[in-house]
Amino acid sequence: MHNVLIAPRKYVQGRNALAEAGKYFKIIGKKPLVLWDSTVKGIVGKTLLGSLREEGLEAIDVDFKGDCTHKEVDRVIGIIKDKGADIAVGVGGGKTLDTAKAAAIETEIRIVTCPTIASTDSPTSAASVWYDDDGNFIGFDCWPFNPDLVLVDSLVISRGPTRALVAGMGDALATWVEAKVALETGAGNIAGGVSTLAAMAIAELGYEVLLEHGVEAKRAVENNVLTPSVEKVIEANILHSGLGFESGGLATAHMVANCLPSFPECHHLMHGEEVGFGVITQLCLDKAASMDEVYEAVDFEIDVGLPVTFEELGLKNPTREQLKTIGDVCAGEGSLCESHCFNVTSEAVVDAMIAADALGAERKDLAGV
Ligand SMILES: [Zn+2]
């Protein structure tokens, strides 16, 4: 397998970046289809459409129906063909961005993502996560191309929900922890090869940025202010984590996170919150993890307010039998847990989850929270 790194063609981040959207869009196309929901349009619509108008770009305004389903992508494809759009622009959260990406790939037009929250790895990636009409996760597709432009308005994100930024930190914290184990075993990455030195350096950088600036960034966003720490954490959540996960590799942290939604009690959780618990589980499972590393991750998660116990995930004293449903999927064929250099059994995953919960509870006690 070759070393492969994939990335978007251009990444732009800064205060009021959306006010210059037209300047960036006109380099890649003439007729942007803008996909967003009414809430997002209410927040950034005037700025974005005004900027496009200033540059003489005629926007096709499309209301997003709420989930990245095959039906929704087909609808957007129909509009792209009907109106002759040459760029699909997703503005909002991961589901909107993933829908725009899928529709653009199918119609061979350019892709722009404008995340208005920094909660997942979607903006830079070449992947779309699929849901069925009832909102259940049904899998994902990896497209042959990453977005042509990722335009991040950090002012918009700093005024958005704190919980979303914190969830993004949970997703980003996993990147280095998972990429490291995948590199050791030569497990493949989503880019279709194995990791590069560059992807590893980016993944590690993201981890360091979070430890140094995460708490400060959270405090700033709680007060709706944009500080250098917020800029750095946005970059870690979106750029470092996005490149690091896709070109590094995934492991148990994401596998456990992907299984948690099978419990109805966990439906209220954001992806990054589930991944945060997955990180601690993975560290409790991994023989190679030092205790310093384990405490560092748990204490960071407690400091920023990520869920570290079953109770905080919404699970009240789950039995081994219940947790075994997750363990079995993790130990199954094709699982991301195969990235480890040892065989991951269902029992070991259950033990690690219980150990993670107990560790989270004890570190919370010690921290007095
Ligand atoms: Zn993730």
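In listed order, ligands and their atoms are each counted from 1. The structure presented is a predicted model; accordingly, all values stated were derived computationally and were not measured.
- Taking 4.0 Å as the cut-off between side-chain N and carboxylate O, E273 and R163 count as a salt-bridged pair.
- Not one N/O/S atom of D121, from backbone or side chain, sits under 2.8 Å from the Zn ion (ligand 1).
- Side-chain contact between L315 and F263 is present, with at least one heavy-atom pair separated by less than 4.5 Å.
- Within D171, the N, O or S atom lying nearest to the Zn ion (ligand 1) carries the name OD1.
- The pair D37-K95 fails the salt-bridge criterion, with no side-chain N (NZ, NE, NH1 or NH2) lying under 4.0 Å from an Asp/Glu carboxylate O.
- Note on K101 versus D98: salt bridge recorded, some NZ/NE/NH1/NH2 to OD/OE distance being below 4.0 Å.
- When distances from the Zn ion (ligand 1) to the N, O or S atoms of H271 are compared, NE2 comes out shortest.
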